[in-house]
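Reading through the structure tokens given below for one structure.
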Protein chains: 2
Amino acid sequence: MHSISEENYIKAIYHLQGGKALVSTNEIAGRMNTKASSVTDMLKKLADKNLAEYVPYKGARLTDKGVLCANQIIRKHRLWEVFLVEKLDFSWDEVHEVAEQLEHIQSQKLIDQIDKHLGFPKKDPHGDPIPDRHGNYEKTNKTVLSKLKKGDKGTLIGLIDSSKNFLKYLDKQHMKLGTHIEIVDFEEFDLSYTIKVNGAELQISKLISDNLYIKLN
Amino acid sequence: MHSISEENYIKAIYHLQGGKALVSTNEIAGRMNTKASSVTDMLKKLADKNLAEYVPYKGARLTDKGVLCANQIIRKHRLWEVFLVEKLDFSWDEVHEVAEQLEHIQSQKLIDQIDKHLGFPKKDPHGDPIPDRHGNYEKTNKTVLSKLKKGDKGTLIGLIDSSKNFLKYLDKQHMKLGTHIEIVDFEEFDLSYTIKVNGAELQISKLISDNLYIKLN
DNA sequence: CTAAATTTTTAGACAAGACTAAAAATTAAT
DNA sequence: ATTAATTTTTAGTCTTGTCTAAAAATTTAG
Ligand SMILES: [Mn+2]
Ligand SMILES: [Mn+2]
Ligand SMILES: [Mn+2]
Ligand SMILES: [Mn+2]
């Protein structure tokens, strides 16, 4: 149906979109490690296929068709990540690269069977929601740790940055999804936190606190 | 390492090679549904990469490096086929197309873990051997059914043609790998056989008998 | 052994996707 | 409101892999 390149652009636009009206050419180029001129070419192609609206010099936004397509790719990506962790003993910092390849395999039956085989998981190994066949997914109430105050308690349920280095940092601190966390102290000067994790106290920088999603008790 | 296109050419040459010294341009083009001119271009590229020897106007043969590469692709293809049948309830006539895509996924860990997950199978769903990481595989003693004489008995252990239509024919006749078969009669006129399968007698044409591998008792 | 048929290669073109350099449009700064 | 800086697009090139048509080599037939 769509080339791997087209799928990667669709995914990039989807992830950059957020609340924004239009995603700029440069933002897309930055995320995809390509040049702006390549993006312009592709945006025209996606617009021709009715996958994106393209406003020259302003940027692009996915159409409903494009959003559905993005959700199907993300569904595949996240289901494969669960598969790799649950069935093949991959760690959560190893799955992304392989899922980047597997997400482009074309077979409706394959992905539906993987879903069933895994027991219809709702979250991937990084806490991100898995869309269903129609692009719908559960929205969970969650708060970024850096919004919490002394005394707040909760559970780690997701990450903003899921880069390999961050995942390895979390492993080193024995923090994983489901880990209970309590805010012991907050330092105004550098915006760092002291938190209690697994019964021990831990200092985390602002950067760390900005990338952890907590579900409050 | 190698592009998907290169991998597909390598696989085609490998399968056409057999005992032959050289595989011709046209044979490759025929198997891959491309034109001879495209094959010529690719053979030069494979020769440059030391994956094949190319003798202009004569044909090509894989180098040791090319053979190893072919075996690794075939290993992946067949392991994925086993996975689809054993873990995801695919039937043996549905797996090939999906495996054609999955065989190009690049991840040593992925394929080794799949292998382990499946219990290191030695045969794929069509009875074909699965090479190990080094390209070695078990050779089984087997006879084409059309070589058998009245009274011979054995077990169906492999297929020459594994096309969807042939697999569906076998399903219809309740024949699968491991099915016991006995030669009841042979008709000289049209070279057809009467065989006993699952306690019942069945007429099979020469074409059928030419595509079944039997292990004699 | 020569002529015809077949196979293979070459030459030139095209599509997808990427890049560089230059031009045009937009945005920011005086 | 101009000018300067930034962003985006256009124009032209490259690579990979494909194709058609024509030329060259090989094989088959008479
Ligand atoms: Mn991922
Ligand atoms: Mn993920
Ligand atoms: Mn197959
Ligand atoms: Mn097979």
Side-chain angles (χ1 to χ4, degrees), chain A residues 1-14 16-18 20-62 66 69-70 73 100-101 103-106, chain B residues 1-14 16-18 20-62 66 69-70 73 100-101 103-106:
Chain A
M1 200 60 204
H2 311 119
S3 74
I4 289 177
S5 222
E6 286 167 347
E7 291 194 346
N8 284 332
Y9 276 97
I10 289 167
K11 212 169 33 129
I13 298 169
Y14 180 88
L16 291 167
Q17 185 94 51
K20 269 194 294 284
L22 290 172
V23 180
S24 80
T25 303
N26 261 357
E27 284 177 284
I28 299 168
R31 173 174 251 265
M32 300 198 58
N33 295 308
T34 72
K35 297 303 160 74
S37 54
S38 308
V39 174
T40 300
D41 286 349
M42 183 57 85
L43 291 181
K44 289 175 185 167
K45 197 191 304 183
L46 294 179
D48 284 347
K49 292 195 173 191
N50 194 31
L51 291 160
E53 285 174 64
Y54 167 52
V55 186
Y57 293 100
K58 298 299 173 181
R61 141 184 53 226
L62 293 181
C69 179
I73 301 163
E100 286 287 305
Q101 297 180 62
E103 71 189 2
H104 301 294
I105 302 290
Q106 309 277 359
Chain B
M1 199 60 204
H2 312 120
S3 73
I4 289 177
S5 223
E6 286 168 346
E7 290 194 346
N8 285 332
Y9 276 97
I10 288 167
K11 213 168 32 129
I13 297 169
Y14 180 88
L16 291 167
Q17 185 94 52
K20 269 195 294 286
L22 290 172
V23 181
S24 79
T25 303
N26 262 356
E27 286 177 283
I28 298 167
R31 174 174 251 263
M32 300 198 59
N33 295 309
T34 68
K35 298 301 161 73
S37 54
S38 309
V39 175
T40 300
D41 287 350
M42 183 56 85
L43 291 182
K44 289 174 185 167
K45 196 190 304 183
L46 293 180
D48 284 347
K49 292 194 172 192
N50 194 30
L51 291 160
E53 285 174 63
Y54 168 52
V55 186
Y57 293 101
K58 298 299 173 180
R61 141 185 54 226
L62 294 180
C69 179
I73 301 163
E100 286 286 305
Q101 297 180 62
E103 71 188 2
H104 301 293
I105 301 290
Q106 308 277 359

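Chain A is the first sequence line, chain B the second, and so forth, proteins listed ahead of strands; every chain is numbered from 1.
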Review point. OP1 or OP2 of D:dT9 less than 4.0 angstrom from a side-chain nitrogen or oxygen of A:Thr25, does that happen here?
Key: yes
Exercise for review: Classify the nucleic acid contact of A:Ser38 as base, sugar-phosphate or nothing, counting any heavy atom under 4.0 Å across all strands shown.
Suggested key: base
Review point. Which residues, if any, of residues 46-61 of chain B bring a heavy atom under 4.0 Å of DNA chain C?
Key: B:Tyr54, B:Pro56, B:Tyr57
Check your understanding: With a 4.5 Å heavy-atom cut-off, do B:Thr40 and B:Tyr54 have their side chains touching?
Key -> yes
Review point. How about B:Glu27 and B:Lys20: do any of their side-chain heavy atoms sit closer than 4.5 Å?
Key: yes
Practice item. Starting from P on C:dA15, measure out to CD on A:Glu6 and report it in whole angstrom. Key: 15 Å
Exercise for review: Please state whether the phosphate of D:dA21, meaning OP1 or OP2, lies under 4.0 angstrom from any side-chain nitrogen or oxygen of B:Ser37.
Suggested key: no
Practice item. Would you confirm whether B:Arg61, through its side chain, and B:Glu53, through its main-chain N or O, come within 3.5 Å as a donor-acceptor pair? Key: no
Exercise for review: Could you tell me whether the side chain of A:Leu43 reaches within less than 4.5 Å of the side chain of A:Tyr9, counting heavy atoms only?
Suggested key: no
Check your understanding: Going by an N to O cut-off under 4.0 Å, is there a salt bridge joining A:Glu100 and A:Lys11?
Key -> yes
Check your understanding: Does B:Ser3 put a side-chain nitrogen or oxygen below 4.0 Å from OP1 or OP2 of D:dT16?
Key -> no
Review point. To the nearest Å, how far apart are A:Asp41 CG and D:dT10 P?
Key: 9 Å
Review point. Starting at NZ of A:Lys35 and ending at C1' of D:dT9, how long is that distance when rounded to a whole Å?
Key: 16 Å
Point to revise | Whole angstrom value for the distance that separates C1' of C:dC19 from CG of A:Asn33 | key: 14 Å
Exercise for review: Identify the heavy atoms of A:Lys49 and A:Met1 that sit nearest to each other, and give their distance.
Suggested key: NZ-O, 4.1 Å
Practice item. Could you check how far CG of A:Leu43 sits from P of D:dT7, rounded to whole Å? Key: 16 Å
Review point. Expressed in angstrom and rounded to an integer, what is the separation of B:Ile28 atom CD1 from C:dT7 atom C1'?
Key: 13 Å
Review point. What's the CG-P distance between B:Leu22 and C:dT8, to the nearest Å?
Key: 11 Å
Point to revise | Heavy-atom pair of closest approach, residues B:Lys35 and B:Ala29 | key: C-CB, 3.9 Å
**Study point:** Phosphate contact (C:dT9 OP1 or OP2) by B:Lys44 side-chain N/O below 4.0 Å
**Key:** no
Check your understanding: Under 4.0 Å: is that the gap between some side-chain N or O of B:Asn26 and OP1 or OP2 of C:dT8?
Key -> yes
Point to revise | hbond_proxy A:Thr40 side chain to D:dT10 base (donor-acceptor, 3.5 Å cutoff) | key: no
